[in-house]
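Convention: sequence-line order gives letters A, B, ...; per-chain numbering from 1.
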There are 2 protein chains.
Amino acid sequence: MREVARALGVSVATVSNAYNRPDQLSAGLRERVLDTARTLGYGGPDPLARSLRRGRTGVIGVVYDAPLEYAFADPAAALFLGSLAQALQAASLNLLLLASPGDPQADPLAPVQGASVDGLIVYSAAQDSELLRAVLARSLPTVLVDQPMLADQPVLINQPILVDQPVQADHPDLPAQDHRAQASGVQIDDAGGARLAAQHLMDLGHTHIGVLCLELGPRQGGGPVTPERERRVAYHPTAERLRGYREALDAGPSGTRLFLTEAERNTPSDGATCALNLLQSEPEITALLCMSDVLAQGALRAAQTLGLSVPHRLSVIGYDDLPGSADLKLTTVWQPTSEKGQRVGEAMLALLGGQTPPDVRLPTRLVVRGSTAARPTTSAQATRPSPLP
Amino acid sequence: MREVARALGVSVATVSNAYNRPDQLSAGLRERVLDTARTLGYGGPDPLARSLRRGRTGVIGVVYDAPLEYAFADPAAALFLGSLAQALQAASLNLLLLASPGDPQADPLAPVQGASVDGLIVYSAAQDSELLRAVLARSLPTVLVDQPMLADQPVLINQPILVDQPVQADHPDLPAQDHRAQASGVQIDDAGGARLAAQHLMDLGHTHIGVLCLELGPRQGGGPVTPERERRVAYHPTAERLRGYREALDAGPSGTRLFLTEAERNTPSDGATCALNLLQSEPEITALLCMSDVLAQGALRAAQTLGLSVPHRLSVIGYDDLPGSADLKLTTVWQPTSEKGQRVGEAMLALLGGQTPPDVRLPTRLVVRGSTAARPTTSAQATRPSPLP
DNA sequence: CTGTTAGCGCCTTCAG
DNA sequence: CTGAAGGCGCTAACAG
């Protein structure tokens with residue numbers, strides 16, 4: 001910039017103005033400035049330096065506690081991220097994807113601590129985790145998605161104790177930095193939806209119900225869920241859905257049993273594997289409660305593999321109500337995925353604007369389609385599924 | 001940082017060292033520094049300032065010339081982005097999504113010009129567009145995905161003409177900035193795959209073939225493709241696939257005809273709409289060439305709506321070979337989507353490391369499954385599809 | 001309408 | 001092992 005200024009015999013401020021405040025200099029001069037800039041190969045103000053000076057980056061970070069490829073592979077996540085991006089784009093904000101590094105050597109907090117962003121959105125993180133603490137420690141506008149309500153968060157001492165003067169007393173041209181951690185929460189009624197799903201199955205007379213759980217926490221590896229593990233579920237949505245299932249059970253006739261497995265990843269094939277294992281080890285199961293439609297899709301595939309007709313021999317319920325689930329005739333719990341993204345975006349915008357938006361809790365609904373039916377009669381039930389070829 | 005230094009009676013350099021070079025000070029002092037920092041509410045070095053000083057941000061921008069939500073809605077894009085992210089994560093690089101603003105008032109170049117990034121990846125942009133020029137003008141390490149080979153790109157004068165001294169002569173501690181635009185290309189054999197698909201159909205005897213095109217360019221709106229519009233296709237993959245179809249046609253028996261429509265967006269429902277319109281206005285069509293599996297999925301749905309059995313009455317071919325396409329028994333053109341992402345990531349890493357990776361062109365293949373069959377006999381063909389209810 | 005000034009927060013060489 | 005100094009590139013106030 002100085003080069004350009006010198007070449008024209010003007011001051012750097014004038015060059016800066018040529019880019020940022022056209023009204024501050026004559027149109028002719030402005031043209032000349034832009035022109036020589038081009039000649040000199042100067043492409044305009046450096047975004048980084050500008051951000052430093054202005055105190056804003058125009059970037060919002062999304063924290064995702066898993067390899068980033070999962071985010072793109074999961075349709076529900078993609079849907080959410082898409083609508084979030086759309087909401088933020090309206091304010092010219094871009095999305096920075098912050099995932100924990102694949103390399104286990106690397107510091108999983110580094111991305112969060114090192115990102116130049118104006119705000120942070122936590123999409124997936126274990127409750128009460130280091131990661132979450134690192135996010136909060138940045139004292140940036142933060143939106144927590146599908147996390148326990150803020151009131152339940154451990155309080156964090158973040159008020160800087162100023163040694164003598166406010167740091168920026170001599171800098172009236174910068175907006176006074178507000179160092180309070182400003183956070184807001186958006187979530188859905190996870191437990192409520194789960195309760196509806198389990199209830200529906202019990203109303204249909206099912207007494208032996210398999211549950212395909214989403215990950216219980218970061219890198220758990222899947223498999224049967226012991227009561228011990230059930231107590232330590234780290235991912236809030238998983239915990240809540242489980243709680244919902246349990247609540248329905250407790251409210252219904254006693255004698256109904258749940259058989260829990262954890263899918264290693266939220267993919268159809270992991271869902272299929274889980275379902276297969278579960279159905280073979282517990283032949284009395286007549287219904288499957290899946291914590292996602294993706295998992296349910298796998299369950300459907302498993303049923304087909306085992307020659308179990310859905311819904312006559314096996315009922316299946318999903319969660320999310322993805323766009324493709326209607327085609328599959330899947331009974332499922334609907335959640336307002338897109339709206340959630342939009343709400344999160346709006347909350348962030350409000351936070352950025354200095355407001356403190358209230359926490360939001362969005363409803364869920366049971367959508368009954370063709371994949372659930374009354375418990376098969378005992379004779380049919382007695383038919384033990386044939387072992388795999 | 002100064003606060004912390006003052007509170008401890010040490011210099012700021014020492015505080016900085018506490019964070020960045022533990023070997024430069026005693027463990028005890030380091031502990032004390034970190035400790036008082038915590039007490040004072042100092043969360044560590046500001047990433048922005050650090051980036052400015054170091055000259056690196058640890059962020060790679062992905063340029064996407066459409067509302068960002070499209071990127072997430074398109075499974076092929078998601079797959080690509082996922083594997084790209086994974087490759088980049090290995091080098092602790094994060095992904096910044098740079099989409100053109102939804103607001104048509106806003107400057108579509110702003111995101112590209114204003115992003116603080118170490119490199120740029122162009123995933124979707126019209127060839128020879130302003131956007132592409134703006135990307136190249138940044139003189140950053142750049143990878144062009146599915147764009148015409150670099151040799152065909154308009155040359156850009158980007159060498160800065162230094163007025164007197166190299167700007168950084170007095171700053172030997174910073175890596176000498178290399179201002180040459182370093183770009184590399186990764187693409188697939190779009191035309192080749194398309195040719196195979198069209199050929200397959202012609203081998204099966206089809207003579208009236210409908211084509212469901214991806215967008216021809218930014219915001220075109222869809223609809224029938226006139227020869228005029230066909231000449232001006234702005235998106236390279238669309239142009240190439242079209243060229244491939246045409247090549248097969250030219251090589252085959254004369255008398256075969258193509259009927260072109262553009263889908264407004266790459267979604268199943270747009271695909272269905274297109275297919276419906278096409279099949280109703282041109283009842284002689286017995287096969288559909290779709291430029292994506294997503295579009296093909298819509299075509300399949302349209303066929304069902306019209307009561308046209310696939311493949312007996314109507315053959316359908318897709319493009320991409322998505323994970324779900326096998327279940328649909330869709331004949332399609334496979335492309336190495338994940339590998340493409342990985343290659344792009346590697347190319348970026350090489351560029352960042354000062355190397356100049358060669359351009360890469362990945363192969364495509366025809367995967368024949370159940371959605372294509374020989375042209376129906378004349379009598380069957382004469383059955384005009386029933387109008388919609 | 002233009003120029004001067006004073007940093008934004010940090011890192012790194014170099015001298016002690 | 002520690003401290004002083006200079007500057008990354010830019011912008012906003014203020015004075016002319």
Side-chain angles (χ1 to χ4, degrees), chain A residues 1-6 8-33 37 40 42-58 113-114 116 118 160 166-177 179, chain B residues 1-6 8-33 37 40 42-58 113-114 116 118 138 160 165-177 179:
Chain A
M1 195 148 142
R2 201 173 44 212
E3 300 287 335
V4 178
R6 210 183 309 174
L8 263 108
V10 300
S11 90
V12 289
T14 302
V15 179
S16 171
N17 282 337
Y19 286 97
N20 300 308
R21 319 153 124 226
D23 54 311
Q24 294 295 299
L25 73 176
S26 66
L29 179 55
R30 187 173 123 94
E31 253 331 300
R32 270 164 54 221
V33 170
L40 261 45
Y42 174 74
D46 178 313
L48 208 49
R50 166 183 272 172
S51 293
L52 178 61
R53 177 65 236 246
R54 294 208 188 160
R56 298 182 300 101
T57 64
Q113 293 172 331
S116 298
D118 293 338
V167 184
Q168 314 199 333
D170 55 343
H171 239 276
D173 60 321
L174 291 186
Q177 291 266 20
H179 278 269
Chain B
M1 195 147 142
R2 201 173 41 214
E3 301 288 334
V4 177
R6 211 182 310 173
L8 260 107
V10 300
S11 90
V12 289
T14 301
V15 180
S16 171
N17 281 336
Y19 286 97
N20 299 309
R21 319 153 124 226
D23 54 311
Q24 294 296 299
L25 72 176
S26 65
L29 177 54
R30 188 175 123 93
E31 253 332 299
R32 270 165 54 221
V33 171
L40 261 44
Y42 174 73
D46 178 314
L48 208 48
R50 168 184 265 171
S51 293
L52 179 60
R53 177 64 235 244
R54 297 226 245 229
R56 297 182 303 97
T57 63
Q113 294 173 331
S116 299
D118 293 338
R138 291 227 29 198
Q165 301 258 3
V167 184
Q168 313 199 338
D170 55 344
H171 238 276
D173 59 318
L174 291 184
Q177 292 266 17
H179 277 270

Practice task
State whether A/Ser16 places a side-chain N or O below 4.0 Å from either non-bridging phosphate oxygen (OP1 or OP2) of D/dT11.
Solution key: yes
Exercise for the section: Could you tell me whether B/Gly44 contacts a base, only the sugar-phosphate backbone, or nothing, with contacts defined as non-hydrogen atoms closer than 4.0 Å? Expected result: sugar-phosphate
Exercise for the section: Look at the side chain of A/Ala13 and decide which nucleotide, out of C/dG3, C/dT13, C/dG9, has an atom nearest to it. Expected result: C/dG3
Problem - Rounded distance (Å) that lies between atom P of D/dG7 and atom CG of A/Leu48 - result: 19 Å
Practice task
Answer with base, sugar-phosphate or nothing: what part of the nucleic acid does B/Leu29 contact at a heavy-atom distance below 4.0 Å?
Solution key: sugar-phosphate
Problem - Within-4.5 Å side-chain heavy-atom neighbours: A/Val33 and A/Leu29 - result: yes
Completion exercise
Whole-Å distance, A/Arg30 CZ to C/dT2 C1', equals 16 Å
Problem - Where A/Met1 and A/Tyr42 come nearest, the two heavy atoms and their spacing - result: SD-OH, 3.6 Å
Completion exercise
In whole angstroms, the gap separating P of D/dG9 from CZ of A/Arg54 amounts to 17 Å
Problem - Side chain to side chain, A/Val10 and A/Arg32, heavy atoms closer than 4.5 Å - result: no
Practice task
Identify which nucleotide among D/dC8, C/dC10, D/dT11 has an atom closest to any side-chain atom of B/Asp46, counting heavy atoms from C-beta outward.
Solution key: C/dC10
Fill in the blank from the handout: For B/Arg54 and B/Asn20, the nearest pair of non-hydrogen atoms, with its separation, is NH2-OD1, 4.0 Å
Practice task
Let me know the distance between CZ of A/Arg56 and P of D/dT11, rounded to the nearest Å.
Solution key: 11 Å
Practice task
Select one nucleotide: of C/dC10, D/dC10, C/dT2, the one nearest the side-chain heavy atoms of A/Ala49.
Solution key: D/dC10
Practice task
Look at B/Tyr42 and C/dC10 and indicate whether a side-chain polar atom (N or O) is within less than 4.0 Å of OP1 or OP2.
Solution key: yes
Completion exercise
Out of D/dG9, C/dC10, D/dT11, minimum distance to the side chain of A/Pro45 belongs to D/dT11
Problem - Out of C/dC1, C/dT12, D/dG3, whichever nucleotide has its closest atom nearest the side chain of B/Val10 - result: D/dG3
Completion exercise
note: A/Leu8, atom CG; C/dG3, atom P; distance rounded to Å ~ 10 Å
Practice task
Tell me which of B/Gly9 and A/Asn17 sits closer to the 5' end of DNA chain D, going by the nucleotide each one is nearest to.
Solution key: B/Gly9
Exercise for the section: Figure out the CZ/C1' separation between A/Arg53 and D/dC8, and round it to whole Å. Expected result: 15 Å
Exercise for the section: Taking A/Ser51 for its side chain and A/Pro47 for its backbone only, find out whether a donor-acceptor pair lies under 3.5 Å. Expected result: yes
Practice task
Could you pick out which residue, B/Pro47 or A/Ala27, lies toward the 5' side of DNA chain C when each is mapped onto its nearest nucleotide?
Solution key: A/Ala27
Handout entry: Between C/dC11 (C1') and B/Met1 (CE): distance, integer Å
Key = 7 Å
Handout entry: For the student: nearest non-hydrogen atoms of B/Thr57 and B/Asp118, plus distance
Key = N-OD1, 2.8 Å
Exercise for the section: Would you indicate, yes or no, if D/dG3 has its OP1 or OP2 atom less than 4.0 angstrom from a side-chain nitrogen or oxygen of B/Thr14? Expected result: yes
Handout entry: Length of the line joining A/Gln24:CD and D/dT11:C1', which is rounded to integer Å
Key = 12 Å
Problem - B/Arg50 vs C/dC10: side-chain N/O to OP1/OP2 distance below 4.0 Å - result: no
